[in-house]
There are 2 protein chains.
Amino acid sequence: MATGFPPPLLDRLSYLLGKLHFRALEAEGEGLASLNVNVKQHAALSVLVEEGPMTQQELGQRMGIDRTTVVSVVDGLDDGGLVERRRSPADRRAYLLTLTPSGCDAEERGRHLVAEAEKEILEGLDEPDRARLRELLVRALGTG
Amino acid sequence: MATGFPPPLLDRLSYLLGKLHFRALEAEGEGLASLNVNVKQHAALSVLVEEGPMTQQELGQRMGIDRTTVVSVVDGLDDGGLVERRRSPADRRAYLLTLTPSGCDAEERGRHLVAEAEKEILEGLDEPDRARLRELLVRALGTG
DNA sequence: TATTGTTATACTCTATAACTATA
DNA sequence: TATAGTTATAGAGTATAACAATA
């Protein structure tokens with residue numbers, strides 16, 4: 001039951017962002033659940049689709065997460081048969097993470113599910129405003 | 001060193017919001033550190049300033065956090081002498097959280113520190129765009 | 001019997017340190 | 001010696017369950 005947000009918190013940027021962030025994670029996660037991947041795992045798939053095979057170390061750097069965290073993310077994808085760990089010929093300590101056909105498929109379908117979920121999250125905004133919000137967020141974040 | 005964000009993640013709403021949320025928490029937290037309160041504690045002070053004395057239960061509902069979490073938030077404020085736990089005359093199980101003069105002062109000064117920190121976070125945007133971003137976030141969140 | 005504040009406990013998420021196998 | 005992946009462990013953050021005092 002909507003008691004409404006306390007006004008003093010509504011002008012706090014971290015509060016606004018936190019609330020919406022939580023909703024986004026929840027909605028995207030529910031959308032992706034049918035594919036048996038979570039938000040972070042699908043993000044990993046997307047990086048691999050867009051940038052090709054890479055080591056776990058590199059994936060972690062791209063995603064901004066520690067390499068120990070990458071292990072559990074990839075474990076799940078590996079168990080689900082969405083990604084394969086292939087020994088790198090160039091450096092046999094490292095794996096070259098490679099998408100399986102199922103992995104490609106899951107990424108593709110997941111992208112649509114995420115898009116739908118996000119439309120739901122932003123249902124209070126019309127399409128131009130949704131685009132504006134995204135654009136402002138990207139611009140606020142800068143280049144890196 | 002800015003390696004840039006992976007493009008596949010840049011159109012993921014949860015990723016954008018998460019990154020900026022993290023930055024906001026960090027910047028606001030650093031700003032408030034000089035007052036020996038964290039972001040959540042200052043938010044509590046603001047709710048009490050705006051809405052007057054209330055029980056811990058009510059504060060938790062206003063802030064959207066569990067009452068067990070409220071305990072530690074108020075513990076810190078109590079230790080710092082910013083808030084007093086006064087037994088409610090109407091219901092002696094409950095405390096009526098009341099701001100001390102130091103608490104009022106800290107809230108006031110904190111509000112300016114937060115505002116400065118947020119300007120920093122959004123330095124990539126000019127003033128009209130900052131206002132637009134806030135407005136879009138509030139509208140996306142809806143009424144409750 | 002229900003509720004307020006509290007404590008103890010557990011769970012999630014993530015990072016640090018230490019291990020192994022390679023380099 | 002340094003690095004990739006892994007494991008064990010610890011830390012922050014928050015919630016659930018149980019308890020004492022009060023309603």
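Just so you know, these numbers come straight off a predicted model, no measurement behind them. Reminder, nothing fancy here: chain letters follow the sequence lines and each chain counts from 1.
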Length of the [atom1]-[atom2] vector between [X] and [N], whole Å:
| X | N | atom1 | atom2 | value |
| --- | --- | --- | --- | --- |
| A:D66 | C:dA15 | CG | C1' | 6 Å |
| A:R87 | D:dT6 | CZ | P | 8 Å |
| B:L25 | D:dA12 | CG | P | 16 Å |
| B:Y95 | C:dT3 | OH | P | 20 Å |
| B:M63 | D:dG13 | CE | P | 14 Å |
| A:E58 | D:dA4 | CD | P | 9 Å |
| A:Q41 | C:dT14 | CD | P | 12 Å |

Query raised in the report: With distance as the sole criterion, is a donor-acceptor pair present between the side chains of B:E108 and B:H112 under 3.5 Å?
Result: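 A pair is found: one side chain offers a donor N or O, the other an acceptor, under 3.5 Å apart.
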
Query raised in the report: Side-chain donor-acceptor pair under 3.5 Å between A:T100 and A:E84, yes or no?
Result: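 Short answer, no.
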
Query raised in the report: Any idea which heavy atoms bring B:S14 and A:E28 closest together, and the distance?
Result: OG-OE1, 2.6 Å

Requested in this report: Work out which heavy atom in B:V138 is nearest to a heavy atom in A:L10; give both atom names and the distance.
Outcome: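 Closest pair (atom of B:V138, atom of A:L10, distance): CG2-O, 4.1 Å.
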
Using a heavy-atom cut-off of under 4.0 Å over every strand shown, decide if [X] touches base, sugar-phosphate, or nothing.
| X | answer |
| --- | --- |
| B:D91 | sugar-phosphate |
| B:T55 | sugar-phosphate |
| B:R85 | sugar-phosphate |

Report task. Return no unless some side-chain N or O of A:Q57 is found under 4.0 Å from OP1 or OP2 of D:dA4. Result -> yes

Query raised in the report: So, is A:K40 close to the C:dC13 phosphate, meaning a side-chain N or O under 4.0 Å from OP1 or OP2?
Result: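 Negative; the distance criterion is not met.
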
Query raised in the report: On DNA chain C, nearest-nucleotide positions of B:D75 versus A:T68: which is more 5'?
Result: B:D75

Query raised in the report: Nearest nucleotide by nearest heavy atom, which residue falls closer to the 5' end of DNA chain C, A:R92 or A:R67?
Result: A:R67

